[in-house]
Amino acid sequence: RNHQNGRNRSSRSQIALPPEKWKRAQQILKSTPIWNDSMNGGMCGMQNLGNTCFMNASLQALLHCPAVIYLFTLPEVFYVKKYNRLRLVDEFIKLTYQIWEGKHRCVIPRDILKCIMYKFPQFRGYGQQDAHEFLTCLLQFLHDQYKYKIPIEEKKDNSDDNDNEDKKRKQYQETSIIYDLFSGEIISQVECCKCGTKSSKVDTITDIAVEIPKQEQVDRAVKERNAKPLPTKSWMQSVFTFVGISQQSIPLGLCLHSYCTSEDLQNTEKYYCEKCKSKEDAKKSLLISRLPEILMIQIKRFSHDSFWRGSSKVSTHVSFPIDQFDLKEYIHPKHINDPQNRDTIYDLSSIVKHMGSTGGGHYISFAKHQSSGKWYKFDDSRVEPISLEKLAEQQAYILFYTRRKQDRSSINSIAKLLNVENQLNVTKQLQNNSNSVLLSRYWLHRVQAFSRPGYIDNLWLSCQHGFGLKKNHLRRKYCSIKIPQNTWIQLTKKYGTQWNTKMLIYDDENEDDDKDNDNDNDNDDDDNDITMKDNNNNNDFDPKLMKKPQHANKNYRCPWELSEKSDICEDCKLDELNKRRDYEKAEIRRLEDDGAPQDCALNMKWANQWRNFVHNKTNIIPGMIDNRHIHSQNNLLKDELIKDADYLMIPSNIWTFLIELYGGGPKIVPINNTKQIRPNRPTKQAPNTPKQSTKQSPSKSQSQS
């Protein structure tokens with residue numbers, strides 16, 4: 001076990017390299033992928049830990065896609081992930097590196113299995129699981145850990161009578177590394193059979209689920225889409241098929257044609273036509289509008305609509321192309337010439353196969369080694385080569401196709417355009433800050449990993465909403481390269497930009513100041529994203545009676561502070577406010593459960609301001625606590641004050657918590673008018689006093705006030 005832990009630490013240390021040791025731009029463009037470093041890389045089995053073949057086969061198929069291998073063995077991907085208590089992302093990256101570093105013949109995926117069972121309760125235990133469901137959950141989780149929510153302004157149709165201007169509501173579009181790898185778009189078009197009105201909708205997909213078509217669907221695909229019909233069977237083949245001795249194979253291309261063929265919406269599935277103002281018969285069709293970098297195709301082999309037999313499995317063989325699978329004929333005619341659909345040739349990277357029935361079975365996978373080009377069979381811990389003839393006979397359940405790189409000259413042209421040598425040697429042009437611009441390292445990695453570089457974005461240098469990070473943020477220093485401004489202009493003209501990308505000017509004083517990088521909040525308090533607004537007019541601060549809040553200390557980091565935020569992003573400010581609200585309410589509830597006595601007085605005016613803030617009635621943060629209006633002397637209350645109108649009583653632990661956050665004072669502890677016991681006499685137990693009113697805290701509702 002110690003030896004295994006030592007190997008895990010070694011793998012993790014190779015992944016989590018310090019930024020100073022990352023590859024430079026020239027090394028990125030000229031480097032070779034990890035599968036060329038070792039001939040044994042990739043040929044690593046995974047031990048079955050008790051009906052975990054679904055996980056082993058899925059991970060093997062996923063981790064043999066070239067772009068996935070390349071990106072998830074980069075130290076930058078380990079660096080830019082979100083901080084999460086669950087280490088599933090870390091274990092996924094570590095497993096990728098272990099499989100491809102060539103030092104292991106078999107790994108024990110116990111750590112990643114624990115994380116998966118903790119995150120997804122449906123995979124707990126040792127029952128039969130579905131590999132496609134596992135892949136969907138895993139990719140969605142990875143997407144959430146790397147996602148950015150880019151705001152998009154859209155006009156609202158409904159407008160008030162008093163306001164003639166169109167109101168705008170903010171919507172968000174999510175993107176991530178997983179989105180760049182697996183996401184595509186399909187157009188769903190519905191045509192009314194009565195009036196002929198067509199309506200279309202664009203949906204984002206991460207995979208395509210195709211059915212094995214029946215004869216009626218095949219005939220319809222041949223008629224509507226000019227699909228190639230199935231070969232005519234001889235009388236003997238028909239007899240063998242009827243008896244069950246043999247089955248006719250259906251091409252995968254025909255399954256995709258059936259996927260794109262129209263279906264009738266009738267009876268209970270009628271379509272509501274906006275023009276006819278009624279439900280009418282309609283035809284619905286699907287076509288691809290944007291091809292993904294990696295196409296995951298699921299063949300629907302499990303049927304759950306049989307009344308008498310229950311669930312059943314379709315064992316019809318589907319023949320699939322291994323190389324040169326052209327998807328051009330499945331693209332919508334209006335989007336064939338789009339830049340993202342220029343390369344339509346795909347090559348098969350891996351397969352997931354299910355053996356058995358719905359009651360029980362076993363998963364295995366087949367994958368192509370990217371260096372040798374040979375295919376291997378992965379059956380848990382066993383790895384063995386397989387011929388192309390045997391591969392074509394397999395009953396595929398999930399197929400991973402990777403887009404072929406048609407043109408590799410873009411790497412040389414980009415390297416030439418960037419003028420990497422001058423860039424690394426810090427020429428006079430780069431020494432002038434006004435001529436230096438930051439370019440994301442992620443885009444350079446896309447040049448290597450993807451079929452085409454695609455649009456330029458600076459999301460690794462931005463907050464979660466696409467706005468540039470602070471100039472002294474570590475990501476701007478480590479996740480970027482410096483290029484001349486005219487080079488940036490040439491790149492954006494040639495490849496374009498996306499996600500509201502803007503030019504980020506390099507600032508030498510802020511980017512290279514290590515002291516500022518270590519403490520992002522070491523600047524003046526007035527530069528913070530959230531301004532502490534004081535509603536109590538505490539300009540006359542009295543240090544004898546009042547205390548400063550903790551955030552006045554430059555080295556203190558607020559628990560609600562976002563690690564990646566932009567000074568100009570309004571969404572970051574709102575997210576930070578909401579995070580602060582949740583933090584304060586949770587802490588108040590926790591302190592209330594301690595049952596401490598209510599022995600401190602709090603100004604009711606400030607308490608109401610705090611309530612309005614934490615209950616999201618206002619975005620104005622209360623200022624310092626000012627109890628001077630209710631303070632007399634010696635930490636006592638003024639006379640003729642009304643409880644629950646001028647002040648309220650709170651426990652001392654809540655008072656301490658609020659003072660640490662907001663500062664202020666003074667602390668007022670009223671003295672109860674109870675008789676004192678004379679000294680030198682035996683004490684007697686005091687009689688039980690009547691119960692006081694219910695405990696109050698600033699988190700209670702305002703009904704009492």
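- Enclosure of atom NZ in K82 by more than 12 non-hydrogen atoms of other residues, nucleotides or ligands within 6.0 angstrom is indicated.
- For E576 (side chain) and L562 (main-chain N/O), a donor-acceptor pair under 3.5 Å exists by modelled atom type.
- Side-chain contact between L88 and Y118 is absent, with no heavy atoms from C-beta onward closer than 4.5 Å.
- We find that D111 and K94 are joined by a salt bridge, their nearest charged nitrogen and carboxylate oxygen being less than 4.0 Å apart.
- Considering all non-hydrogen atoms of both residues, L291 and N341 come closest at N-OD1, 2.9 Å.
- Between the side chain of Y401 and the backbone N or O of I297, no donor-acceptor pair lies under 3.5 Å.
- Atoms CG and NZ, from L286 and K201 in turn, are 11.5 Å apart once rounded to the nearest 0.5 Å.
- With hydrogens and angles ignored, the 3.5 Å screen pairs no side-chain donor or acceptor of Q173 with any backbone N or O of I152.
- D347 places a side-chain N or O within 3.5 Å of a backbone atom of Q324 that can act as its donor or acceptor partner.
- Side-chain atoms of E76 never come within 3.5 Å of backbone atoms of C479 as a donor-acceptor pair (strictly under, hydrogens ignored).
- Residues Y271 and A282 share a closest heavy-atom pair of CB-CB, 3.6 Å.
- Note: H64 and F378 meet the aromatic proximity criterion, with ring centroids under 6.0 Å apart.
- The salt bridge (charged side-chain N to carboxylate O under 4.0 Å, His left out) pairs that include a residue from residues 135-147 are D144-K147, K147-E174, where partners are two or more places apart or lie in different chains.
- Looking at heavy atoms from C-beta onward, T175 lies out of side-chain contact with Q498 at the 4.5 angstrom threshold.
- Closest of all the heavy-atom pairs between S440 and W460 is OG-CB, 3.7 Å.
- Among all heavy-atom pairs drawn from G361 and H354, the shortest one is CA-NE2, 3.9 Å.
- Counting only distance, with no hydrogens or angles, the side chain of R475 and the backbone of V80 share a donor-acceptor pair below 3.5 Å.
- F467 pairs by the ring pair (Phe, Tyr, Trp, His ring centres under 6.0 Å) definition with nothing, not counting sequence neighbours.
- A search for side chain to side chain donor-acceptor pair (under 3.5 Å) contacts involving D264 returns R220, not counting sequence neighbours.
- Counting heavy atoms of neighbouring residues, nucleotides and ligands inside a 6.0 Å radius, atom CD of E269 does not exceed 12 of them.
- Checked by atom type, the side-chain pair H335/S289 shows no donor-acceptor distance below 3.5 Å.
- With hydrogens and angles ignored, the 3.5 Å screen pairs no side-chain donor or acceptor of S58 with any backbone N or O of M55.
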Test log, rule side-chain contact (heavy atoms from CB on, under 4.5 Å), inputs V318 and C255
CA-CA 9 Å; V318 177; C255 296; 4.2 Å; yes
Derivation of the side-chain contact (heavy atoms from CB on, under 4.5 Å) call for C572 and H465:
CA-CA 8 Å; C572 284; H465 309 100; 3.6 Å; yes
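- Within 6.0 Å of CZ on R404 lie more than 12 heavy atoms contributed by other residues, nucleotides or ligands.
- For the atom pair S319 OG and L252 CG, the distance stands at 7.5 Å (nearest 0.5 Å).
- Among residues at least two apart or in separate chains, there is no salt bridge (charged side-chain N to carboxylate O under 4.0 Å, His left out) pair with a member in residues 55-72.
- Here the closest heavy-atom approach between residue P66 and residue T402 is recorded as CD-OG1, 3.6 Å.
- Applying the salt bridge (charged side-chain N to carboxylate O under 4.0 Å, His left out) test to pairs two or more places apart or on separate chains, those with a residue in residues 452-464 are D343-R452.
- Applying the side chain to side chain donor-acceptor pair (under 3.5 Å) rule to Y455 yields no partners; only residues at least two apart in sequence or on another chain are considered.
- Separation of atoms CG (L459) and CD (Q464) is listed at 9.0 Å; rounding is to 0.5 Å.
- Contacts of F320 classified as ring pair (Phe, Tyr, Trp, His ring centres under 6.0 Å), with partners at least two apart in sequence or in another chain: none.
- With contacts defined as side-chain heavy-atom distances shorter than 4.5 Å, the pair W499/N458 does not qualify.
- Heavy atoms of other residues, nucleotides or ligands lying less than 6.0 angstrom from CZ of R110 number 12 at most.
- Listed by chain and number, the residues in a ring pair (Phe, Tyr, Trp, His ring centres under 6.0 Å) with Y259 amount to none (sequence neighbours excluded).
- Residues in residues 316-332 take part in no salt bridge (charged side-chain N to carboxylate O under 4.0 Å, His left out) pair, two or more places apart or across chains.
- Relative orientation of the F134 and F54 rings is perpendicular, given thresholds of 30° and 60° on the angle between their planes.
- Side-chain atoms of L469 and E564, non-hydrogen and from C-beta on, do get closer than 4.5 Å to each other.
- Between F400 and F182, the two ring planes are perpendicular [angle over 60°; tilted spans 30° to 60°].
- From L142, atom CG reaches atom CZ of F92 across 5.5 Å, with rounding to the nearest 0.5 Å.
- Other residues, nucleotides and ligands contribute only 12 or fewer heavy atoms inside 6.0 Å of the CG atom of N500.
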Kindly indicate, with the supporting measurements, whether the criterion side-chain contact (heavy atoms from CB on, under 4.5 Å) is fulfilled by Y363 and V352.
CA-CA 7 Å; Y363 283 100; V352 176; 3.9 Å; yes
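- Side chain of K284 to backbone of S188: no donor-acceptor contact under 3.5 angstrom is found.
- Checked options K283, Q189, E224, R225; the residue passing with S262 is E224 (criterion: side chain to side chain donor-acceptor pair (under 3.5 Å)).
- Without hydrogens or angle criteria, R301 side chain to A396 main chain gives a donor-acceptor distance under 3.5 Å.
- Between H445 and F450, the gap from one ring centroid to the other reaches at least 6.0 Å.
- Atom CG in L139 sits 9.0 Å away from atom CD1 in I294 (nearest 0.5 Å).
- Side-chain atoms of S350 come within 3.5 Å of backbone atoms of A61 as a donor-acceptor pair (strictly under, hydrogens ignored).
- Contacts classified as side-chain hydrogen bond (donor to acceptor under 3.5 Å, both in side chains) and involving residues 365-375 (residues at least two apart or in different chains) are given here: N36-S371.
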Tell me which donor-acceptor pairs under 3.5 Å the side chains of residues 205-217 have, and how far apart each pair is, sequence neighbours excluded?
residue: D207; atom: OD2; partner: H132; partner atom: NE2; Å: 2.6
residue: Q215; atom: NE2; partner: D219; partner atom: OD1; Å: 3.0
residue: Q217; atom: OE1; partner: K214; partner atom: N; Å: 2.9

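- With sequence neighbours left out, the ring pair (Phe, Tyr, Trp, His ring centres under 6.0 Å) criterion links Y397 to F302.
- The structure places OG1 of T261 at 9.0 Å from CG of L287, a figure rounded to the nearest 0.5 Å.
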